[in-house]
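Everything below concerns the one structure shown next.
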Protein chains: 2
Amino acid sequence: MTGRQVPPGPVGADDRAPGTTPGQPLPAATVARLPGYLHALDAVRGAGAALVTSERLAQAAGVTPAQLRKDLSFLGSYGRRGVGYDVDHLAGRIAAVLGVATTRAVVVVGVGHLGHALATYGGFAERGFTLAGLVDADPAVIGTRVGGLVVEPPAALMALVMRTGATIGVVATPAHAAQDAADALVASGVTGILTFAPRALRVPPNVEVRAVDVASELQILAFHASRHA
Amino acid sequence: MTGRQVPPGPVGADDRAPGTTPGQPLPAATVARLPGYLHALDAVRGAGAALVTSERLAQAAGVTPAQLRKDLSFLGSYGRRGVGYDVDHLAGRIAAVLGVATTRAVVVVGVGHLGHALATYGGFAERGFTLAGLVDADPAVIGTRVGGLVVEPPAALMALVMRTGATIGVVATPAHAAQDAADALVASGVTGILTFAPRALRVPPNVEVRAVDVASELQILAFHASRHA
DNA sequence: TAGATTGTTAATCGATTAACAATC
DNA sequence: TAGATTGTTAATCGATTAACAATC
């Protein structure tokens, strides 16, 4: 109904409604870099700056200024020409787009050394997450206190997710237990899974999976090492 | 789990010498998928198949057949039209290209829970790696036995790398110690670093770094979760 | 204003997909 | 051979880079 065509006159008028989620879909490559920008903004803020240029922020994030500005342009126009970006404001916008403007609850399945490392990692809170629960199948582990939480049995997972409102689950089990862990997480209602098990997980299409496979990372490094050494 | 096999004798038609670099440079996206193909080949072999089609292997690896064939075409012509790929031979070729045809030594710096998890992870050997040494700065940790290895002090790192021929180092320290750990690894001669610390590492251009940042992974999942829920 | 820096455009580059001729 | 499947080509798609007009 409302004319979408742009009259061939003076361009540059920004009619986009500010403050809302962008209409265009964000490129996946851009989304993947946003956490780095957020982290870089924290570092800049820690250094005491209230404003930052694309030049400086790009350097802190390890990208080019052109790429940074291009990425940010997908979120809207939050900078000021000739000045730069307001650190707090931009951080707030990126956090909102990422969905971590408010803290998100995360549950961890599998409390071996890796789960332990995750549970005692102190950096989650400042990145928008709170560890809401730990689950393990080993009777020797259930009931123990790890990182301020008591490890619960698998049967308690669904109640745990419902009680805490967790939307993301982490699979830190041995490989052979990973699919069961994922199934349980899906059944309990999480919509995102981060797995460290070297196994392809089958999940419904509405559940997003990201996999960290240490051996694969090492093999990619080996490729480069074998050409360079 | 079946052990990874070293390329057998002269099986294929146009064998190049193992370890030689291909004519054209491999696309980075292709290199990043090769570990998945190698892993999928192990699964196929475990199922007892000596031959595999691009259709089946692609499914096991979670890509399309077209993408798999395109990727493999960069390595050379190792399939047989109308037949498929010889599982052992193809695995050998991919392992050679990745530089894991022979076992590579890896050293881990930082033996907290994460380093512990890495040290006791049993899956390295079958993916082409051997854990050659553990280093930590904590006097309470030095000298303890973890995963069959005695934890050594930072001062022993260079001798360790030289003795074992390690080419890859893993940084599993707290964030504040990560740059020092990376510097020490670079000084000792490794050419690849896998870091789990949420810090940008400064390394010389000849050293390759791959970073796994758990909080960033969670934030990317949060982005999708916030659109879906 | 004069200088600085963004936001955007256009060009380049790289990766993916689809289709099919080659060939086992 | 006839059927099957690869390897390759061409088309499409997406991402990066460079440059500069807009504008603070």
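Values reported hereafter were calculated over all heavy atoms of this structure, with side chains retained and with hydrogens, waters and symmetry mates removed. Numbers restart at 1 for each chain; the letters A, B, ... are given by sequence-line order, proteins then strands.
When the nucleotides D:dA19, C:dA15, D:dA15 are ranked by their closest atom to the side chain of A:Pro27, D:dA15 comes out on top. Minimum atom distance to the side chain of A:Ser73 is reached by C:dT8, of the listed D:dG7, C:dT8, D:dT5. Here the side chain of A:Arg81 is nearest to one of D:dA15, C:dA22, D:dA22, namely D:dA22. Looking at the side chain of A:Gln67, the nearest of the listed nucleotides C:dT16, D:dG7, D:dT16 is D:dT16. Of the candidate nucleotides C:dT16, D:dA18, D:dT6, C:dT16 has the atom nearest to the side chain of B:Lys70. Here the side chain of A:Thr64 is nearest to one of D:dT6, D:dT17, C:dT17, namely D:dT17. Considering only the side chain of A:Arg80, D:dC24 comes nearest among C:dT6, C:dA15, D:dC24.
Here the P atom of nucleotide C:dA4 and the CZ atom of A:Arg56 are 18 Å apart, to the nearest Å. Computed from coordinates, the A:Tyr37 OH to C:dT6 P distance equals 13 Å when rounded to whole Å. In this structure, NE2 of B:His89 is placed 16 Å from P of D:dT6, rounded to the nearest angstrom. The separation between B:Leu68 atom CG and D:dT5 atom P is 14 Å, rounded to whole Å. We find that CG of A:Leu72 is positioned 9 Å from P of C:dT6, with the value rounded to whole Å. Atom CZ of B:Arg69 is separated from atom P of C:dT16 by 15 Å (rounded to the nearest Å). The interatomic distance linking A:Asp86 (CG) with C:dT6 (P) rounds to 13 Å, in whole Å. Computed from coordinates, the A:Tyr78 OH to D:dT23 C1' distance equals 19 Å when rounded to whole Å.
C:dT12: Watson-Crick or G-U partner is D:dA15, with both key distances under 3.5 Å. Shown here, D:dA21 forms a base pair with C:dT6; the pair counts as Watson-Crick or G-U wobble because both key distances fall under 3.5 Å.
Between B:Arg33 and C:dT16, a side-chain N or O to OP1/OP2 separation shorter than 4.0 Å is present. Contact between the side-chain N/O atoms of B:Tyr85 and the OP1/OP2 oxygens of D:dG7 is found at a separation under 4.0 Å. Residue B:Ser54 places at least one side-chain N or O under 4.0 Å from the OP1 or OP2 atom of D:dT6.
Residue order along DNA chain D, read from the 5' end via each residue's closest nucleotide, puts A:Thr30 first among A:Gly82 and A:Thr30.
Contact check for A:Phe124 versus A:Thr130: no side-chain heavy atoms found under the 4.5 Å cut-off. Here the side chains of A:Arg69 and A:Tyr85 are in contact, with some heavy-atom distance below 4.5 Å.
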- request: Would you sort out whether B:Gln179 and B:Asp183 count as a side-chain hydrogen bond (donor to acceptor under 3.5 Å, both in side chains), showing the intermediate values?
  value: CA-CA 6 Å; B:Gln179 184 63 55; B:Asp183 291 345; 2.8 Å; yes
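Surrounding CD of B:Gln67 are more than 12 heavy atoms belonging to other residues, nucleotides or ligands, all under 6.0 Å away. The local environment of CZ in A:Arg80 is sparse, with at most 12 non-hydrogen atoms from other residues, nucleotides or ligands closer than 6.0 Å.
A donor-acceptor distance shorter than 3.5 angstrom exists from the side chain of A:His39 to the backbone of B:Pro198, with no hydrogens or angles considered.
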